[in-house]
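Note that ligands are numbered from 1 as they come in the structure, with each ligand's atoms numbered from 1 the same way.
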Amino acid sequence: MKLELPGHRVDLSAPCVMGILNVTPDSFSDGGRHVDLDAALAAARRMLDDGATIIDVGGESTRPGADPVDEAEELARVIPVIERLVGETGCVISIDTMKPAVMRAACRAGAAMINDVNALRADGALEAAASGGAAVCLMHMQGTPRTMQQAPAYGDVVADVRRFLAQRLRDCVDAGIPVDRLLIDPGFGFGKTLEHNLALLARLADFRTMGRPLLVGMSRKGMLGQLTGRAVDERLAAGVAAATVAVLHGANIIRTHDVAATVDAVRVASAILTSAQGRPATS
Ligand code: 9MG
């Protein structure tokens, strides 16, 4: 499967890695309110050297309980980074945002993908994505980042998330976004308990039948902390294990903070899948 993006063609016949570049003051701070552009660019270059195929640039935290950031502030954080990354590396850039104005400006600056944890549900987001020409990752989220972990509830989490994503795919196509530009993501940790997350991971292959590339992100998330008892900066092994399982269950793109280790894991899992596909099934 190939993903056609403005100026790029991403080959998804083997799974690949999306590196996370959070340009929030707590990530690349110069000690004050401002993002240190050179430090952010150096981190992106390191992820590309480590084998990332896509860099996901985000200026608003979507962590549980996170406060929203206003539009002007988000633009000021992400646009200079995208402009410099495009100019200096020519890499595939994804913009992680829920805001239509940020989507438009990021696409003008050279972003080839929109990664929206809100699945283009904000007013004007469908139109912004349709006009920008970029690919779009539609993620499932129950609630908002501020409230989503308060009491998430589902009938059957896999069926409910699948139904939501199928409806959003139809809404996007109705709004004029070609289906071959759309990706789906079940949204690990976004309005889900540990049991919900584990059910989604165990049954990830159910999303393959939707016919769109499958992106997943579990890197450093709370579900890994719940399973291991480890702090956020000690979850590398757990994240690599989760990424490996995701690839074995059909994920095409793994979103991660830890690119080098995840690239290795994805290569191993992908080779096992390829080798298994050449063999007759055993009973
Ligand atoms: C921005 N962001 C944080 N977690 C994410 C996830 O799991 N998937 C996608 N697509 N974006 C995410």
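Listed by chain and residue number, the protein contacts of ligand 1 are T62, D96, N115, V117, C137, M139, D185, F190, L215, G217, K221, R255 (heavy atom within 4.0 angstrom).
Applying the salt bridge (Lys or Arg N to Asp or Glu O under 4.0 Å) test to D180 and every residue at least two apart in sequence or in another chain returns nothing.
Side-chain N/O atoms of R104 and S131 include a donor and acceptor closer than 3.5 Å.
Applying the ring-ring contact (aromatic ring centres under 6.0 Å, His included) test to pairs two or more places apart or on separate chains, those with a residue in residues 194-239 are Y154-H196. Legend: salt bridge (charged side-chain N to carboxylate O under 4.0 Å, His left out) pairs involving residues 258-273, not counting sequence neighbours, sorted by first then second residue: R220-D258.
When atom types are taken as modelled, the side chain of K192 and the backbone of F190 share a donor-acceptor pair closer than 3.5 angstrom.
Listed here is the closest heavy atom pair of V266 and C16: CG1-N, 4.5 Å.
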